[in-house]
K.L.:
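Supplied in structure tokens, the structure appears directly below.
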Amino acid sequence: MTDAHVDPVNPDSGQDDLPEQMRVRREKRDRLLAEGVPPYPISVPRTHLLKDLRATYDAQDLEPDTRTGEQVSVAGRVIFLRNTGKLCFVRLREGDGTELQVMFSLADLGEEELARFKGLVDIGDLLSVQGEVITSRRGELSVQATAWQMAAKTLRPLPNEHKPLSEEARVRMRYVDLIVRPEAREMVRAKAAVLKALRATYDGRGFVEVETPVLQLTNGGAAARPFSTHLNAFDQEMKLRIALELDLKRAMIGGVDRVYEIGRTFRNEGLDSTHSAEFSMIEAYEAYGDYDTMAELIQELIRNAGRAIGRTTITGRDGSTIDIEQPFQHATLFGLLSEAVGESVDATTDLARLLKLAEQHGVELQPDRNAGEIAVDLFEKLCEHTLIQPTFVRDYPESARPLAKPHREIPGLVEAWDLFLNGVELGVAYSELNDPVIQRDRLVEQSLLAAAGDPEAMDLDEDFLRAMEFGMPPAGGMGMGLDRLVMLLTGTGIRETILFPLLRPE
RNA sequence: GGGCCUCUAGCUCAAUUGGCAGAGCAGCGGACUUUUAAUCCGCGGGUUGUGGGUUCGAGUCCCACGGGGCCUACCA
């Protein structure tokens, strides 16, 4: 932020139209400038992190009124300020939430410097303080200040520490949320730890991380409405990717046998508490693997991510305990569905029977669904929410998963699973279709839908088909939503896990 | 898309039947050398989301618009 209208040599920026507290802070900034002290210096002394001092001294169990003799310079944000006349207490907080008390006394600072401190420092300011590490009379680890500098003057008051910010304020001003709310700070670090664990798990298994284009010529790899944009250099309409799949398969065809990407995808669809316009996808492909090797992989990914943030047991939404250290269950789609409807249903069950079952169980269907799609609809409505313990739901009807390979034993099914945990879908995997002729048929079918106006259908990606015709190894492929994983492991909503969620302009 | 709720001081929230717009924290002035949401005395702070309307009088009732939330529907 710049204040071009403020003349620093002639301080008069106490603008009348500002709220009182902002005016006061601007005046203090002006006073610093007037005395020749920069309110935003290039650097300030800092010999120790608050965290360092806590690590060094907390373990020593110091008596009250201890003087350690160690001289330090520390820096942090003033989050608490108490003035008892000739002695001021300040609590500094640094970015990770570590706090340390600083004491400003008449005896150590002198009358003039103490008065300057009282007159210039507000809650929220970033401060550098020099002094000795001591413990207070109450035994609290502190720095007894002998000098201080403003590191950066804050012009807006911090919100009330003791009342939670409204949910809207939290997401609109996440920077403030991060300052005042420990859970917000922890979320940032938890997500980073999860990402690190995911990469370590892939890397440990010999997977190679790649980056593939976000800007795409065609819409493919999933069924979703894309964002459109324009590339001026080619005068070319472009799409933002909705999935990573096609480029990762191209890489695998080229010999990146174990390949993964963690990256942003974009979907121009409805937004709600579980759907975001942009979100991070995790996809991996393993040549000579299949959907069983992917099941092993995803368990290890989730387990290691949980361990990285110390959360390997989760309380399910029905109150039960989910222990992700335990092997995940396997079930079949038709097995679970048969159980739910109380009669045997399989890939050969005809459309009429399935429609009848849908009616009996009050499941509303979209028009023109085929038998396989109805079976999946029934499963989603009747079974999905009951899958609290981690469960791989395997073997989908062919028509419901057009990019998976036919099942090795059961006709009419394909080798695909969805992983459910706490009643939500967390990841998917296939034994990937690699017959370029069948692949072409499927994609042509999709492109006809697209031509007919289905905004979610895939475009025909001729280059992808050409790549497939060079031979894609038999492979397993998996996908998982990063935000859903973090939500699951931390037990929070999507607006908490995304640092800066998309919001309407104020 | 449909339904319900909500928007008041920097922040979090009150305001009875339509009758002077308030509190806590934060801020300003004063006292206090051990506070930890300190205490004590005093003071300021508002276009009640925006625009209309009803009324002697609107934070409150009506209409429209905007922001936010919840439920529902849709959604690889």
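Just so it is clear: chains get the letters A, B, ... in the order the sequence lines come, proteins before strands, and each one is counted from 1. None of the values given here were measured: they were computed from a predicted structure.
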K.L.:
Calculate the interatomic distance between Ile494(A) atom CD1 and C70(B) atom P; express it in whole Å.
P.N.:
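That distance rounds to 12 Å.
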
K.L.:
May I ask you to decide whether Arg170(A) forms a salt bridge with Glu183(A), counting only side-chain N to carboxylate O separations under 4.0 Å?
P.N.:
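The answer is no: the pair does not qualify as a salt bridge.
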
K.L.:
Measuring centre to centre across the rings, with the benzene-like ring taken for any Trp, is Phe379(A) within less than 6.0 Å of Phe420(A)?
P.N.:
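For Phe379(A) and Phe420(A), the ring centres are under 6.0 Å apart.
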
K.L.:
If I take atom CG from residue Leu92(A) and atom CG from residue Leu127(A), how far apart are they, to the nearest 0.5 angstrom?
P.N.:
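If we round to the nearest 0.5 Å, Leu92(A):CG and Leu127(A):CG are 6.0 Å apart.
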
K.L.:
To the nearest Å, give me how far apart NZ (Lys118(A)) and C1' (C32(B)) are.
P.N.:
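The answer, rounded to whole Å, is 9 Å.
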
K.L.:
Mapping Leu503(A) and Gly221(A) onto RNA chain B by nearest heavy atom, which one lands closer to the 5' end?
P.N.:
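The residue whose closest nucleotide sits nearer the 5' end is Leu503(A).
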
K.L.:
Give the ring-plane orientation class for Phe328(A) versus Phe392(A), where under 30° counts as parallel, over 60° as perpendicular and anything between as tilted.
P.N.:
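Phe328(A) and Phe392(A): tilted rings.
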
K.L.:
Whole Å only: how far is the CZ atom of Arg23(A) from the P atom of G27(B)?
P.N.:
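That distance rounds to 15 Å.
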
K.L.:
Please report, rounded to the nearest Å, how far the C1' atom of A37(B) is from the CZ atom of Phe80(A).
P.N.:
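About 7 Å, once rounded to whole Å.
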
K.L.:
Which part of the nucleic acid, if any, lies within contact of Arg172(A), taking any heavy atom under 4.0 Å across all strands shown: a base, the sugar-phosphate backbone alone, or nothing?
P.N.:
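Sugar-phosphate: the residue Arg172(A), judged by heavy atoms under 4.0 Å, touches backbone atoms but no base.
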
K.L.:
Which nucleotide wins on minimum distance to the side chain of Leu87(A), given the candidates G68(B), U36(B), U34(B)?
P.N.:
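Between G68(B), U36(B), U34(B), the one nearest the side chain of Leu87(A) would be U34(B).
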
K.L.:
Hey, are Arg54(A) and Glu94(A) close enough for a salt bridge, meaning a charged N less than 4.0 Å from a carboxylate O?
P.N.:
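Looking at Arg54(A) and Glu94(A), the cut-off is not met.
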
K.L.:
Between the side chains of Arg67(A) and Glu132(A), is the shortest nitrogen-to-carboxylate-oxygen separation below 4.0 Å, so that they form an ion pair?
P.N.:
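Answer for the salt bridge query: yes.
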
K.L.:
Assess whether a salt bridge exists between Glu496(A) and Arg181(A), defined as any Lys/Arg side-chain N lying under 4.0 Å from an Asp/Glu carboxylate O.
P.N.:
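Yes, Glu496(A) and Arg181(A) are salt-bridged.
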
K.L.:
Could you check whether Asp418(A) gets within reach of a base, just the sugar-phosphate, or nothing at all, counting any heavy atom under 4.0 Å?
P.N.:
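Nothing: the residue Asp418(A), judged by heavy atoms under 4.0 Å, touches no strand.
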
K.L.:
Measuring from the side chain of Arg495(A) (C-beta onward, heavy atoms only), which nucleotide among C25(B), G68(B), U33(B) has the closest atom?
P.N.:
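The answer is G68(B), which lies nearest to the side chain.
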
K.L.:
Answer yes or no: is there an ion pair linking Lys405(A) with Asp435(A), defined by an N-O contact shorter than 4.0 Å?
P.N.:
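Salt bridge flag = no for Asp435(A) with Lys405(A).
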
K.L.:
Using a 4.0 Å heavy-atom cut-off across all strands, classify Glu425(A) as base, sugar-phosphate, or nothing.
P.N.:
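The answer is nothing, as Glu425(A) stays clear of every strand by at least 4.0 Å.
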
K.L.:
Indicate for each nucleotide in nucleotides 3-13 of chain B, in 5' to 3' sequence, whether protein heavy atoms under 4.0 Å reach the base (B), only the sugar-phosphate (S), or nothing (-).
P.N.:
-------BBS-

K.L.:
Spell out, as yes or no, whether a donor-acceptor pair under 3.5 Å connects the side chain of Ser447(A) to the backbone of Leu460(A).
P.N.:
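Side chain of Ser447(A) to backbone of Leu460(A): no pair is present.
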
K.L.:
Any side-chain N or O of Arg504(A) under 4.0 Å from OP1/OP2 of G68(B)?
P.N.:
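Yes, such a contact exists.
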
K.L.:
Could you work out which one of C32(B), U34(B), C28(B) sits closest to the side chain of Lys86(A)?
P.N.:
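Selected nucleotide: C32(B).
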
K.L.:
Less than 4.0 Å between a side-chain N and a carboxylate O, is that true for Arg116(A) and Glu113(A)?
P.N.:
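Looking at Arg116(A) together with Glu113(A), the answer is yes, because their closest N to O distance falls below 4.0 Å.
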
K.L.:
Decide yes or no, distance alone: a donor-acceptor N/O pair under 3.5 angstrom between the base of U36(B) and the side-chain of Glu140(A).
P.N.:
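Yes, the side chain and the base share a sub-3.5 Å donor-acceptor pair.
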
K.L.:
Hey, can you pull the residues of residues 104-113 of chain A with a non-hydrogen atom under 4.0 angstrom from RNA chain B?
P.N.:
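Those residues whose heavy atoms fall under 4.0 Å from RNA chain B, taken from residues 104-113 of chain A in numerical order, are Leu106(A), Ala107(A).
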
K.L.:
Please determine, for G22(B), whether a Watson-Crick or G-U wobble partner exists with both distances under 3.5 Å, and give it or none.
P.N.:
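Across all strands, the one nucleotide that pairs with G22(B) is C13(B).
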
K.L.:
Should A64(B) form a Watson-Crick or G-U wobble pair with both distances under 3.5 Å, which nucleotide is its partner?
P.N.:
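Looking at the geometry, A64(B) pairs with U50(B).
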
